[in-house]
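Convention: sequence-line order gives letters A, B, ...; per-chain numbering from 1.
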Amino acid sequence: MPELPEVETIARGLAQQVTGESIESVWLGSKPEPLKSPAREIARTLEHARIADIRRVGKHIVVDLENSGSSRKRSSAQKSQWIVHLGMTGSLVVCPPDAEVEKHTHAIVRLGSGRELRFVDPRRFGRLSIVRSSNGFAASGLEPLDVGFELFVGLFRKRKTPIKSALLNQKLLSGVGNIYADESLFRAGIRPRRRAATLTRDELRRLYESVQQVLNEAILAGGSSINDYVDARGEPGMFQMQHRVYGREGEPCLTCRTPVKRIVIAGRSSHYCPQCQR
DNA sequence: AATGAAACCTGACAGC
DNA sequence: TGCTGTCAGGTTTCAT
């Protein structure tokens, strides 16, 4: 469910609500765990830590923790991070302790204020992990909103894969998902099946600007709510109102009235206007 | 090395 | 009501 704009919205909301809180205790569900790190390590790291900040890196939510090293020395503040990937259906919600525990709740973090931070994920594609390296968590690819144009161009050089697949490849850019890839390609006037390496410099310029424009507009709108996505407060995003091709198969292109086409690329449905996109 | 298909999961919805 | 098939905002793994 969440791509960069949704994750950004969620991370901002969470940061606002729980920065500075301490973590009292952690409950992790059993079952085939959505955990990349061992449950023991996650629990041990989170418990008694202080939440210093929450932010987005790619499609990941990074919770910066401070371990005050409770008993020993004063300033033995160790840095560790709790990384949450929401997969397709994951959500992180802050709620009062007496709120009903939803089905598919896999983790409950009790906060100093008495509230709880809960991880819910029906499809269990989401992942929780702990990072301790001194450099901190690093995304596999470049941040689409920060990358310079030359670096962006370099990503697609020599790639025979469809440009749509390249945009979805998190090792190149991290954060672009299916909705925003389609929307960006529409705005740039480029067909999703075009081989990445065949794009001209002009086309790449348009794509570069379109990606940033679409992501920024979506962040302003609080993300896209297609099925059940809601932010940290339970509010849906509004960007779906501005989708020009995604989910509009058969409907007229907003520019030229040609029916929007839907095809499958790398197993993902892809929407485009056969007239406006070449 | 690079590409694409399949696998991982559950739920919602359409059609019969 | 209930069955079947399809689809879903993501990523990893396994064959080519």
Side-chain angles (χ1 to χ4, degrees), chain A residues 1-11 29-37 56-61 83-92 102-106 119-129 137 139-141 144 154-186 192-198 211 214-215 217-219 221-231 235-250 262-271:
Chain A
M1 106 210 216
E3 303 181 36
L4 185 151
E6 291 76 34
V7 178
E8 178 71 29
T9 302
I10 292 166
S30 44
K31 294 272 184 162
E33 313 131 22
L35 310 177
K36 271 164 84 182
S37 304
R56 175 196 64 77
V57 174
K59 291 177 191 169
H60 301 263
I61 295 170
I83 312 298
V84 180
H85 193 292
L86 299 171
M88 290 275 258
T89 54
S91 57
L92 268 182
E102 253 186 274
K103 196 175 174 185
H104 305 301
T105 297
H106 301 114
F119 175 63
V120 183
D121 183 14
R123 283 177 80 179
R124 291 190 287 171
F125 288 171
R127 291 291 178 266
L128 308 181
S129 61
F137 175 78
S140 54
L155 293 178
F156 305 111
R157 207 167 274 153
K158 289 179 59 184
R159 289 189 187 271
K160 283 185 280 187
T161 194
I163 185 63
K164 166 80 184 271
S165 300
L167 288 173
L168 292 179
N169 184 343
Q170 302 296 298
K171 289 179 177 158
L172 303 180
L173 289 176
S174 28
V176 179
N178 206 33
I179 293 177
Y180 300 106
D182 281 4
E183 293 296 319
S184 300
L185 287 166
F186 173 76
R193 269 217 246 263
R194 283 278 303 282
R195 304 275 145 182
T198 70
V211 167
V214 165
L215 294 176
E217 286 176 22
I219 290 170
S224 301
S225 292
I226 301 294
N227 289 323
D228 49 7
Y229 158 77
V230 288
D231 68 15
E235 297 292 323
M238 294 304 292
F239 192 70
Q240 65 280 9
M241 311 295 301
Q242 298 175 56
H243 291 175
R244 299 186 191 170
V245 285
Y246 186 84
R248 298 193 63 244
E249 180 185 11
R262 174 181 174 279
I263 59 179
V264 174
I265 299 173
R268 315 297 305 278
S269 72
S270 305
H271 311 74

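- At the heavy-atom level, A/Tyr246 lies under 4.0 Å from the strands shown only through sugar-phosphate atoms.
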Q | Dot-bracket notation for DNA chain B, counting Watson-Crick and G-U pairs under 3.5 Å, with | for partners on another strand | A | .|||||||.|||||||
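- Here the nucleotide nearest the side chain of A/Ser165, chosen from C/dG10, B/dT10, B/dG4, is B/dG4.
- The two residues A/Arg56 and A/Ala11 make their nearest non-hydrogen contact at N-CB, 3.9 Å.
- Spacing between atom CD of A/Glu249 and atom P of C/dC7 amounts to 10 Å, rounded to whole angstrom units.
- Counting non-hydrogen atoms of neighbouring residues, nucleotides and ligands closer than 6.0 angstrom, the CD atom of A/Glu102 reaches no more than 12 such neighbours.
- Residue A/Lys158 contributes atom NZ, which lies 11 Å from atom P of B/dT3 at whole-angstrom precision.
- If you check C/dG10, B/dT10, C/dC7 against the side chain of A/Arg262, the one that comes closest is C/dC7.
- Residue-level contact check: A/Gly177 touches the backbone only, with heavy atoms under 4.0 Å from sugar-phosphate atoms and none from bases.
- Between A/Leu172 atom CG and C/dG10 atom P there is a gap of 15 Å when expressed in whole angstrom units.
- Between the NE2 atom of A/His85 and the C1' atom of C/dT12 there is a distance of 11 Å, given to the nearest Å.
- Counting non-hydrogen atoms under 4.0 angstrom, A/Lys171 reaches nothing in the nucleic acid.
- With C1' as the reference atom, B/dG11 and C/dT12 are 22 Å apart, rounded to whole Å.
- Side chain to side chain, A/His106 and A/Asp121 fail the donor-acceptor criterion of an N or O pair below 3.5 Å.
- Look at NE2 on A/His271: it is 11 Å from P on C/dC7, rounded to the nearest Å.
- Contact between A/Arg262 and A/Glu249 at its shortest, heavy atoms only, is CD-OE1, 3.3 Å.
- Between A/Tyr180 atom OH and C/dA8 atom C1' there is a gap of 15 Å when expressed in whole angstrom units.
- The separation between A/Lys164 atom NZ and B/dT3 atom P is 16 Å, rounded to whole Å.
- Contacts of A/Pro162 with the nucleic acid, taken as non-hydrogen atoms under 4.0 Å apart, involve only primed sugar atoms and P, OP1 or OP2.
- A/Gln170 has a side-chain polar atom (N or O) that falls below the 4.0 Å cut-off from OP1 or OP2 of C/dT11.
- Side-chain proximity of A/His104 to the nucleotides B/dT3, C/dT11, B/dG11 is greatest for B/dG11.
- Side-chain nitrogen and oxygen atoms of A/Lys160 include none within less than 4.0 Å of the OP1 or OP2 phosphate oxygen of B/dT3.
- In plain terms, the two heavy atoms of A/Pro162 and A/Pro192 that are nearest each other are CB-O, 3.5 Å.
- The listed nucleotides are B/dT3, C/dA8, C/dT11; the one nearest the side chain of A/Ser269 is C/dA8.
- Between A/Val7 and A/His60, every side-chain heavy-atom pair lies at or beyond the 4.5 Å cut-off.
- Nearest heavy atom pair, residue A/Ala218 against residue A/Phe239, reads CA-CD1, 3.5 Å.
- Distance from the side chain of A/Thr161 is smallest for B/dG4 among the nucleotides C/dG10, B/dG11, B/dG4.
- When all heavy atoms are compared, the tightest approach of A/Leu215 to A/Val176 is CD1-CG2, 4.5 Å.
- In the set B/dG4, B/dG11, C/dG10, the nucleotide with an atom closest to the side chain of A/Pro122 is B/dG11.
- In terms of heavy atoms, A/Ala139 sits closest to A/Val57 at CB-CG1, 3.5 Å.
- Look at CG on A/Asp121: it is 13 Å from P on C/dG10, rounded to the nearest Å.
- The side chain of A/Lys103 contributes an N or O atom lying less than 4.0 Å from OP1 or OP2 of B/dG11.
- The residue among A/Leu168 and A/Arg123 whose nearest nucleotide of DNA chain C lies closer to the 5′ end is A/Arg123.
- Stacking annotation: A/Phe125 is not stacked on the base of C/dT11 (requires ring centroids less than 5.5 angstrom apart and an interplanar angle below 30 degrees).
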